[in-house]
Amino acid sequence: MKNKNRIIVLGSNGFVGGSVLRLLQKKKYNCIGVSRKKMDFLKISSIKKLSKLIKKGDVVVNAVAIAPCKNLEELEKNLIIIKNIQKGLEEKKIKKYINISSDAVYGDKKIPLTETDIPNSSSIHGLMHCNREKIINFTTNNSIDVIHVRPTLIYGIGDPHSGYGPNLFLKTMKEKKKINIFGNGDELRDHICIDDVSFLIVELIKKKFKGPINLVTSKGITFYKIARIFVNINKEIKIIKLKRKIKKPHGGYRLFNNKNLVKLFPKFKFSKIENKIIDMVENERN
């Protein structure tokens, strides 16, 4: 795979796409990164550019999206993006297509979610990813292995969004010497490190597999416990509990069963969140 197939990473300047590209380069894969500067998939000119780039036997990793998708305008733009990408890939005999999706495609359950659960999102962000997946499935040749990777909450060095959790806590710890949590911070959620996400995506390139796969640890941790990890690193940091203005997202519970992922990668060990948060703090200090 390393010598024969090129790997084209669309969205190579993004959080996930960039991490995947750097790992591919480190492992000496024959890879090409495509950033927005090279191809703006909101523009129709990107169709011809992508079609010209793609060759028979390529592996495509699609990490292009406006995310998180917060409103109807961004949803519309995401549909334009995926339409232009699919037009650019039209009739191309690629080897494999890996789409970076999200666990947001699922609705909520009081038991751990699995890939057998039918996508039924209640958010615009989830709706965006559901539509991306369907469009890719409908417009990609059946002979091509399509994988929809659905990571849960991703944390780690290089996140541009500062989403609630480790990424935001690191930012406020540095800037304001405090960490804000909503209510008691007792929502139980699954978090996965960006390093684990990119490693698993690269390994999936080599696997004979198609369909959806959840990139999840199956372990739950509360936001309060995450905040405490930061406090244990720096005793000067204060945890501030904010009054909730809305109900707990997902009813305070959103966990997954990762038996399918474990079956694919039985020897893989997930990073410990405590160790990775220490790495994040040290990176900020340096």
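Residues: numbered from 1 along the sequence shown. Values below: every heavy atom of this structure, side chains too, minus hydrogens, waters and symmetry copies.
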Colleague: For K171, is the NZ atom crowded, meaning more than 12 foreign heavy atoms sit under 6.0 Å from it?
Modeller: no
Colleague: Got a sec, which pairs hit salt bridge (Lys or Arg N to Asp or Glu O under 4.0 Å) with one end in residues 114-141, sequence neighbours left out?
Modeller: K109-D117, E133-R150
Colleague: With a 4.0 Å cut-off, would you call R254 and D108 a salt bridge?
Modeller: yes
Colleague: Do side-chain atoms of K96 reach the backbone of I205 as a donor and acceptor pair under 3.5 angstrom?
Modeller: yes
Colleague: Which residues pass the salt bridge (Lys or Arg N to Asp or Glu O under 4.0 Å) test with D40, sequence neighbours left out?
Modeller: none
Colleague: Would one find more than 12 heavy atoms of other residues, nucleotides or ligands at under 6.0 Å from atom CD1 of I118?
Modeller: no
Colleague: Hey, is the main chain of E236 close enough, under 3.5 Å, to the side chain of K177 for a donor-acceptor pair?
Modeller: no
Colleague: Can you check side-chain contact (heavy atoms from CB on, under 4.5 Å) on I98 and H148, steps first, answer last?
Modeller: CA-CA 6 Å; I98 299 179; H148 298 293; over 6 Å; no
Colleague: Answer yes or no: are there more than 12 heavy-atom neighbours, outside K248 itself, under 6.0 Å from its atom NZ?
Modeller: yes
Colleague: Given the rule in the side chain to side chain donor-acceptor pair (under 3.5 Å) test, do Y29 and N5 qualify, once you have shown the distances and angles that lead to the verdict?
Modeller: CA-CA 9 Å; Y29 280 83; N5 300 96; over 6 Å; no
Colleague: Would you say D186 and Y224 are linked by a side-chain donor-acceptor pair, where the criterion is simply a distance under 3.5 Å?
Modeller: no
Colleague: Please verify the inter-ring angle class for F230 with F169; under 30° counts as parallel, over 60° as perpendicular, anything in between as tilted.
Modeller: perpendicular
Colleague: Determine, for K95 against D145, whether the closest basic-nitrogen to carboxylate-oxygen distance falls under 4.0 angstrom.
Modeller: no
Colleague: Got a sec: does the CD of E76 have more than 12 other heavy atoms crowding it under 6.0 Å?
Modeller: no
Colleague: Is it the case that more than 12 heavy atoms not belonging to I44 sit under 6.0 Å from its CD1 atom?
Modeller: no
Colleague: Using side-chain heavy atoms (C-beta onward) and a distance below 4.5 Å, is D196 in contact with L215?
Modeller: no
Colleague: Say whether S143 and N141, considering side chains only, have a donor N or O and an acceptor N or O under 3.5 Å apart.
Modeller: yes
Colleague: Take atom CG in N142; do more than 12 heavy atoms of anything else shown fall under 6.0 Å from it?
Modeller: no
